[in-house]
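What follows is a set of notes on a single structure, which appears directly below.
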Amino acid sequence: MKARILATTSIALALSACATTMENDMAVADTSDAEVMAGADIPEGTGYFASESTLPFHAPDFRQISEDDYVPAFEQGMAIHQAEVDAIANNPAAPTFDNTIVALETSGRMLNRVATVFFALTGTNTTDRLDQINTDISPKLSAHSDSISLNPALFARVQALYDRRDTLGLDNEQAKLLEETYKGMVHAGAKLTAQQREQVKAINTELSTLTTEFGQDVRSATNDQPLIVDTREELAGLSDGEIKAAADLAAEKGMPGKFAIALQNTTQQPLLPSLENRDVRERLFMRSIHRADGTNPEYDTRVLLAKIAALRAQKAALFGEPDWATYAMWDRMAKNPKTALGFMNQMVPALAATQRRDAQMLDAAIKADGGDYEVQPWDWYRYANQVKAERFDLDENQVKQYFQLDKVLEDGVFFAANKLYGLTFKRRTDIPTYHPDVWTYTVYDKDGSELGLFYFDPFQRPSKRGGAWMSNFVEQSKLYGTKPVIYNVLNIPKAPDGQPQLVSFDNVNTMFHEFGHALHGFFANQTYPSMSGTAVARDFVEYPSQVNEMWATYPEVLENYAKHYQTGAPIPPAMIDKIEAAAKFNQGYDFGEVVEAALLDMKWHSLSAAQAKAIDTPEKVDAYERKSLTDLGLEIDLVPPRYRSSYFNHIFSSPTGYSAGYYSYLWTAMLDRDSRQWFLDHGGLTRENGQHFRDTVLSQGGTQDYFKMYEAFAGRNPDVKPLLEAHGLIPGDEGGDATGTTSDGQLPGQTTASAQTPVTK
C-alpha cells in the first residue's frame, strides 16, 4: 500500500504542492493578487530541506541529511506554510481558482519535503532519536493541519468558489480539485461552530499522540519479545539457515548459546509449519497473539486503543454522524458501512462452512500422524501444508529454489511491466539511499524517456516496521514539472552471507503487488499533486496492485524468471499448476483471517460515542473484542483474525490509516479478480491491454468517479463472482446469480446486511 506521508496533516499536505501557478480561462491571478502574495511576510527556510534536491528527479540526498535537521526543518516548514496560507486567506482580492485553490496547492513545499523523508525513515529505518522526534512532532503537525483546515477566512474563499463552481469553466481535474478541497475542509470541521472546531482540534492532537504511541508500542512488543528456545533440538524441522538466524538473534539479544525466533507483524508466524515440536509451536503462537495484551505487563496497548476508538467516535458525533465508520467513509468507493458490511457478510456462510470442513480434515491428518489432539491455531498450517503437499505434491522448499530475489524483480516484475507497458529499467549506484540494502533503478517509458526513479527495499530488519508498502519521495505533477520517485518496502528475511537469496512464492506475489502500486504512481498524469497517482480512495488504492499479482504466474512471465538458482532449469509447468490449484486450498484460514480482521475493524468503528466511552478498561477491551469476533459466526478459536486489536497497526497506529477501511483489501480483491478475467478474455499479456489499463485506470489518479473509472476499463460494473470462485467459496461453473455492483456502491438486490450471493455447497 502507499503510506500517506503525513496522515496527521491530511488537509495541510493534501493542499501543498508547488511554487508555480497555472493560468486557465476562468481565473488568472491579476497584478493586485500577485502583489499581495509577493508582499506577504513569508519566512525563508534554511538547511537542507529549504530547497529542492539537486539529485536526479529531486531524489533525497541522504548523505546530506542528519537527524539534527528534522526538528528545525519541521518548525520552519510549518511557519512558512502558515504564512503562505495566511496570505491566501487574507488576500483582499476576490477569490479565484488561481489565487485560492492553486495557491493552496503551491504552499507548504518545505514542510512536504521534510515530512516525506522523515516519515519514510520512521517506517523503514528508524532510530530511538527519530521515534522521539516523531512523538514530539506529531501533535504539533496535527495542530498545524487544523490551523489550516479549520481557518474560517480560508474556508470562506474556498466555499465561495465551490458555490459557483458550475460557472467557472473548470476542466475535469480542476473541478475535482476544487470539490475535494471543499469537501475535505468540511470533513475536517470547517462548518462546525467555533466551540466544536476547538473540540475537534483537541481530539486531533490527542489522537495524533495516542496513535503514534500505539505504533511505537506495537513495534517494541514485536521486536523485543522473540521466543527464546534453549536447545537446537527443540527447533527440529527448521533449516540450518533458519537455526543460524535464531542463534544470531539470541546472541544479539545477549543470550549466546540460546535461540531466538523473531515475531512478524501478523498473528500467524512463518516458522510454525516447520516446527516439529508442538510445545514450541504453541509457545511461539501464544507469544505472537498475546504480544501486546498485557500478558507481559510491559506491553499492553489495550487502554491506548480504547482511547483511540472513543476519541474517534466522539469526533464523529461532533459531525452528527452515528459512528466513526460512517464519518470516515465519506470519500470511499463503497460509500457507507452498510455496503461494506453487506459485501463482507455475504461471504460468511460459505466461509464458516469451509472453516469447519477444513478443521475436520486437519483433525484426520493429525490422527493419521499419530496425534491424539484436535487441531489448534498453532497446528493449523503445519497440517494444512502436509495435506496440501500430499494432495498437490507441493514442497514449499522446492518451490523456493526457483525464485531468486533479483531474478524475480528484474526478470519477472520488470519483464511483465515491459510486456504490458513498454517500460525498461536500469540499475544505478550513484543515488544515495537510506540503507545499504536499498536498490535503485531509473524507469524509462515506452518511448525511451525517463519516467521516474524506483527504490527497492526488500529485507526485514529491526529498524523497519512490519508489512510491505509503497510511497513516494517525489510526486508526479505537471504543475511542479516533477516525475515520480517511488519506493517499495518489503520484509523478506535476509539470507545468511554467502547463501542465495531465495524467496517464497508468497513473497513473489508481494513483489508483484507492491510494484502494482508503483505503476499506479509512475503512470500518474495529473497537473495537481493532490490528484496524482495513488491519491485515491482507501478502497480503490489496493486494486491496481492486486491486479498486477496476476502476472506472477502468467506463463510467458514465469518462463523468463522462475528458474532454478543452481541449474537454471525453468520451473516445471506441473509445479505451477499445483501452486495455482493449491491457491484455493486452506481458504478457511487464509481468507478467513482477513475477513475476520476486516469485520473486527468495522466493529470497533461502528461504536457510538457512548458505547465507545464505556469500554474503558483492558478487561472490557478483551470482552468487546471477544464478543465481536464470536458474533461473526466464524470459527475464531481455530482461525483467529490476522491481527488482534492490540497489534492492529493498520487501524490504530495513525489518526486515520485503514480505520473502518481494512475491508478495502476484500473490496479491491473483487475488482481485481473481475479485472483478471477481463485481461484473460482479451488476450492476456499484451501491449494493447496494458495501454488500455494505463489509460483508463493507472493514469487517472483521483480525478474520476471510481465506478465510472472501472466501467471505462471493463465496460461494465464489477462482478463479485470471480472473487468467490478464486477463494473456492463457490464452484467455478456454478454459484447461482452472482451479481455485480451499482454506482451507489450497493450490491444489486441487497437491502440488508445479511443479503447473500447464492452459494452451492
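Residues take their numbers from the sequence shown, with the count starting at 1.
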Original post:
Do Thr339 and Asn336 have a side chain donor and acceptor closer than 3.5 Å?
Top reply: yes
**OP:** Anything under 30° is parallel, anything over 60° is perpendicular, the rest tilted; go ahead and classify Phe522 against Phe454.
**Re:** perpendicular
**OP:** Taking the side chain as every heavy atom from C-beta outward, state whether Leu638 and Asp358 have any pair of such atoms under 4.5 Å apart.
**Re:** no
**OP:** State, to 0.1 Å, how close Pro722 and Asp719 come at their nearest heavy-atom pair, and which atoms those are.
**Re:** CD-O, 3.3 Å
Original post:
Please walk me through it: do Arg538 and Asp331 pass salt bridge (Lys or Arg N to Asp or Glu O under 4.0 Å)?
Top reply: CA-CA 8 Å; Arg538 180 65 71 200; Asp331 62 347; over 6 Å; no
Subject >> Distance-only donor-acceptor check, side chains Asn125 and Ser463, under 3.5 Å >> reply: yes
**OP:** Would you check if Gln704 and Tyr710 make a side-chain contact, meaning some heavy-atom pair closer than 4.5 Å?
**Re:** no
Original post:
Would you call the rings of Phe713 and Phe679 parallel, tilted or perpendicular if under 30° counts as parallel and over 60° as perpendicular?
Top reply: tilted
Original post:
Between Asp447 and Ser449, does any side-chain donor sit less than 3.5 Å from a side-chain acceptor?
Top reply: yes
Original post:
Does a side-chain heavy-atom distance below 4.5 Å link Phe456 with Asp406?
Top reply: no
Original post:
According to the interplanar angle, ranging from 0 to 90°, do the rings of Tyr561 and Phe512 count as parallel (below 30°), tilted (30 to 60°) or perpendicular (above 60°)?
Top reply: tilted
**OP:** Check whether any side-chain heavy atom of Leu666 sits under 4.5 Å from a side-chain heavy atom of Met344, and report yes or no.
**Re:** yes
Subject >> From OG1 (Thr668) to CZ (Arg673), nearest 0.5 Å >> reply: 11.5 Å
**OP:** For Tyr706, enumerate each residue passing the ring-ring contact (aromatic ring centres under 6.0 Å, His included) test, keeping only those at least two apart in sequence or located in another chain.
**Re:** Phe540
**OP:** Please work out whether the ring planes of Phe403 and Phe505 are parallel, tilted or perpendicular, with thresholds of 30° and 60°.
**Re:** tilted
Original post:
So which heavy atom on Pro500 is nearest to which on Tyr565, and how close?
Top reply: CG-CE1, 3.4 Å
Original post:
Does one side chain, of Asp539 or Tyr663, offer a donor that lies under 3.5 Å from an acceptor on the other?
Top reply: yes
Original post:
Hey, are Tyr421 and Asn689 close enough side-chain-wise for a donor-acceptor pair under 3.5 Å?
Top reply: no
Original post:
Taking atom types as modelled, is there a side-chain donor on Tyr543 or Ser675 under 3.5 Å from an acceptor on the other?
Top reply: yes
**OP:** Verify the distance criterion only: is there a donor paired with an acceptor across the side chains of Gln404 and His564 at less than 3.5 Å?
**Re:** no
Original post:
So, Gln401 versus Asn397: side-chain donor-acceptor pair below 3.5 Å or not?
Top reply: no
**OP:** Mind running side-chain contact (heavy atoms from CB on, under 4.5 Å) on Tyr455 and Trp439 for me, showing each step along the way?
**Re:** CA-CA 6 Å; Tyr455 293 67; Trp439 311 348; over 6 Å; no
Original post:
Under 3.5 Å, is there a donor-acceptor pair between the Ser545 and Glu514 side chains?
Top reply: no
Original post:
Can you tell me if Gln355 uses its side chain to pair, donor with acceptor, with the backbone of Gly588 under 3.5 Å?
Top reply: yes
**OP:** Consider only side-chain N and O atoms of Thr686 and Glu688, and report whether a donor and an acceptor are under 3.5 Å apart.
**Re:** no
Subject >> Distance, nearest 0.5 Å, that separates CG of Asn507 from CG of Leu502 >> reply: 11.0 Å
**OP:** Give the minimum heavy-atom separation between Ser532 and Ala524, together with the two atoms involved.
**Re:** OG-CB, 3.3 Å
**OP:** Flag the pair Asp411 and Lys563 as a salt bridge only when some basic side-chain nitrogen lies within less than 4.0 angstrom of an acidic carboxylate oxygen.
**Re:** no
Original post:
Can you find a pair of side-chain heavy atoms, one from Met511 and one from Leu490, that are under 4.5 Å apart?
Top reply: yes
**OP:** To the nearest 0.5 Å, tell me how far Phe515 CZ sits from Thr510 OG1.
**Re:** 15.0 Å
Original post:
Cation-pi between Arg428 and Tyr441: NZ/CZ under 6.0 Å from ring centre and within 45° of the ring axis?
Top reply: no
Subject >> CA sep, side-chain torsions, deciding dist, call: Lys400, Glu396, salt bridge (Lys or Arg N to Asp or Glu O under 4.0 Å) >> reply: CA-CA 6 Å; Lys400 288 176 67 173; Glu396 300 290 348; over 6 Å; no
Original post:
Going by heavy atoms in the side chains, are Asp445 and Leu423 under 4.5 Å from each other?
Top reply: yes
**OP:** For Asn586 and Trp380, test the side chains for any donor-to-acceptor distance below 3.5 angstrom and give the result as yes or no.
**Re:** yes
Original post:
Could you state the interatomic distance from CZ (Arg676) to CG (Asp672), rounded to the nearest 0.5 Å?
Top reply: 4.0 Å
Subject >> Straight-line distance of Ile579 CD1 to Leu558 CG, nearest 0.5 Å >> reply: 7.5 Å
Original post:
Between Phe57 and Phe473, is a ring pair (Phe, Tyr, Trp, His ring centres under 6.0 Å) present by the stated rule, with each step listed?
Top reply: CA-CA 10 Å; Phe57 302 98; Phe473 284 123; over 10 Å; no
Original post:
At what distance, to the nearest 0.5 angstrom, does OH of Tyr554 lie from CG of Leu420?
Top reply: 9.0 Å
Subject >> Gln269 and Ser288: side chain donor to acceptor below 3.5 Å >> reply: yes
Subject >> Distance-only donor-acceptor check, side chains Ser659 and His605, under 3.5 Å >> reply: no
**OP:** Please indicate whether Lys407 has more than 12 foreign heavy atoms, meaning atoms of other residues, nucleotides or ligands, lying under 6.0 Å from its NZ.
**Re:** no
Original post:
Can you find a side-chain donor-acceptor pair between Asn560 and Glu556 that sits under 3.5 Å?
Top reply: no
Original post:
Would you say Arg382's side chain and Pro273's backbone share a donor-acceptor pair under 3.5 angstrom?
Top reply: yes
Subject >> Under 3.5 Å donor-acceptor, Gln501 side chain and Ala495 backbone >> reply: yes
Original post:
Would you call Asp674-Lys721 a salt bridge at under 4.0 Å N-O?
Top reply: no
Original post:
Is there side-chain contact between Leu634 and Glu596, with at least one heavy-atom pair below 4.5 Å?
Top reply: yes
Subject >> Arg642 vs Gln268 side-chain heavy atoms within contact, under 4.5 Å >> reply: no
